[in-house]
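A short worksheet on the structure shown next.
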Amino acid sequence: MAFDILVRQGILPDGATADIGISDGRIAAIGPKLEGEAGRIVEAEGCLVAPPFVDPHFHMDATLSYGIPRINASGTLLEGIALWGELKPLLTHEAVKERALRYCDWAVSMGLLAIRTHVDVCDDRLLAVEALLEVKKEVAPYIDLQLVAFPQDGFYRTPNVKANTLRALDLGVDIVGGIPHFERTMEDGRRSVTELCGIAAERGLMVDMHCDETDDPLSRHVEQLAYETQRLGLAGRVAGSHLTSMHSMDNYYVSKLLPLIAESGMAAIPNPLINIVLQGRHDTYPKRRGMTRVPEMLKAGIRVGFGQDCVLDPWYSLGTADMLDVAFMGLHVAQMTSPADMRRCFDIVTTESAAIMGLEDYGLAVGRRASLVVLDAGNPVEAIRLRAERLCVIARGKVVAERPRRETALSLSGRPGSVARRHGV
Ligand code: FE2
C-alpha cells in the first residue's frame, strides 16, 4: 500500500503502539507495523499520537487585542466588560480578521484544530460576524471553526439584538448563543433562554449559552436551559458554558439539578483558566474557586468539555492557545488527580469537546479525516504534566506545523535519547 504520509510507531492514547498511514487526507490504515511506500515518514517512536485538540469555547473577535485601547487594570470581569465596550467602536473588519488569523496560526502550532468561538452580535454593524465568517472560510482547510451568535450585552438589554441575532444566523453563523444572567431581571433571563432555544429549534441549530457565569448561588438559568433542551427535543445539541453559579449553589438543590441536566442531554463547558481568575472576586477569605462541579457532572453522566475562553483580551491578559494549559488548570481546580481522572482531562480537551461540537469526522480511526498531533510525551497524563511540545501537527493529511525534539530530563517515559535515559536515571 502507498501512503502520502506514514506516522511510524507512535503511542496511541489507549497505550497501543501503531503506525498510521495517511492517503488523500484520510486515515487509510492503522496497524502495529504497516508495510508500503510513503511520500513522507514521520518518526513518532516513544511519542504520543493523539487526535487534535479541540476548544469548544472561545472569543475570537476579542483575542489578541490586549492593551487596546488600554489594559484591564483590575483584571475583573466587570472591568473587562467595560473595556470591551470601549474597544467595540474602535474595531475594524481588517483588524478583527488579522488578529483572528494570527490566533489561528498559534492554534495550529499547538495542535488545536477545532474551535467554537462566540461572536458579539450587539454591534449593529455585525462587523465581527462578517470578519469571522471570512476567517472561517480561509482556515477551513485546517481548522473547524464554529461561530456562535452571542448577545454579549444582553438579548433584551440592548436594542436591535434580536434582529442582529437573526441576521447573523442568516449570514451563516452556526449556533445560537445567550447570556441569561446578564439580562435585567431573573425573569428576563428565563424568557431569553426560552426564546433563543425556540429560535434554534425552529432553524435546526445548536445552542451554546453563557449561563449562570456568576457567583450568585440563586442564579438558576441552567435549570431553564436543561428544561428547554428536553421540551424542544434538543438533546446533544445544547451546551451550557461556564455554569459557575453551580459552584456556590446549595448542595441539596444540586442533587436535584444534576440528574435533570443529565436527563436532558445537555453538555457543560467550564473554562478553567478564566473561571479561576474571574470568579470569587467579591469574596474575602475563604475565596470560592468558581469553577462548576466537574467531577460531579461527569459522575452524573453529563458530557463536559473545557474551553480556553480568552487569550490576551479585555478579560484575560495571558493565554497561548494551548489546550494542555486548560486541561492542566482544570485538573487542578477540579482536584481530578486520580489516574483515571487525569486521563479523563486529556479526553475532555480532545474527544469529549469534539463530541460537544458535533465533529463527526474526528478521531484516530480508518476512514476519518487525517488530523492528528504528535506530542513529546509517553502518554496523555504526561502530555498534561509537561504541556508537551507538539512535534508534528497534521491537518487533513498535510503537515502544518513541526518542531524539533528537544532533550529533556523531565520525561518518565524513558524515550530513546532522553537525558534521563543517558544518565541511567
Ligand atoms: Fe465566554
Side-chain angles (χ1 to χ4, degrees), residues 54-66 72 75-85 87-88 96 100 103 107 112 115-122 128-129 132 145-155 165 168 173-183 189 192-193 196 206-215 219 221-222 225 238-247 267-279 281 290-292 294 304-319 321 323 325-326 329-330 333 349 353 356-357:
V54 177
D55 181 0
H57 188 109
F58 193 60
H59 294 263
M60 204 174 272
D61 50 357
T63 198
L64 307 192
S65 65
Y66 179 72
N72 181 341
T76 59
L77 175 61
L78 291 181
E79 188 174 342
I81 292 172
L83 185 48
W84 177 237
L87 173 58
K88 252 197 279 192
V96 170
Y103 182 80
L112 169 55
I115 303 171
R116 174 181 286 181
T117 178
H118 295 252
V119 51
D120 193 348
V121 293
C122 294
V129 168
L132 292 191
L145 185 61
Q146 291 181 344
L147 305 187
V148 185
F150 177 46
Q152 170 84 67
D153 303 326
F155 187 63
T165 301
V173 168
D174 313 87
I175 299 166
V176 179
I179 187 163
H181 57 276
F182 202 67
E183 303 296 343
S192 77
V193 173
L196 286 160
M206 293 195 280
V207 175
D208 190 335
M209 282 192 198
H210 285 64
C211 192
D212 296 337
E213 191 184 0
T214 155
D215 293 323
S219 191
H221 300 298
V222 57
L225 189 55
V238 176
S241 281
H242 293 288
L243 308 177
T244 54
S245 65
M246 201 190 294
H247 185 94
I269 307 176
N271 298 282
L273 291 168
I274 307 307
N275 295 152
I276 198 68
V277 292
L278 292 185
Q279 306 311 129
R281 284 292 185 123
M291 192 165 84
T292 194
V294 175
V304 176
F306 285 158
Q308 179 128 222
D309 203 9
C310 302
V311 169
L312 292 167
D313 69 7
W315 297 275
Y316 189 57
S317 306
L318 299 165
M323 292 309 293
D325 263 351
V326 177
M329 179 62 78
V333 180
V349 294
S353 288
I356 291 175
M357 285 181 63

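Keep in mind the model is a prediction, meaning the values are calculated, not measured. As the structure lists them, so they are numbered: ligands from 1, and atoms in each ligand from 1.
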Any V96 side-chain heavy atom under 4.5 Å of L132 side chain:
yes
With a 4.5 Å heavy-atom cut-off, do E183 and F155 have their side chains touching?
yes
Among N271, L273, V54, V326, the one residue meeting side-chain contact (heavy atoms from CB on, under 4.5 Å) with F306:
V326
Taking atom CG of D215 and atom CG of N275, what is their separation to the nearest 0.5 Å?
9.5 Å
Passing candidate, side-chain contact (heavy atoms from CB on, under 4.5 Å) with T292, options Q279, H242, E213, M246
M246
Around the Fe ion (ligand 1), what protein N, O or S atoms are found below 2.8 Å?
H57 NE2, H59 NE2, H210 NE2, D309 OD1
Side-chain contact test, heavy atoms from C-beta onward, threshold under 4.5 Å: evaluate it for I276 versus M291 and give yes or no.
no
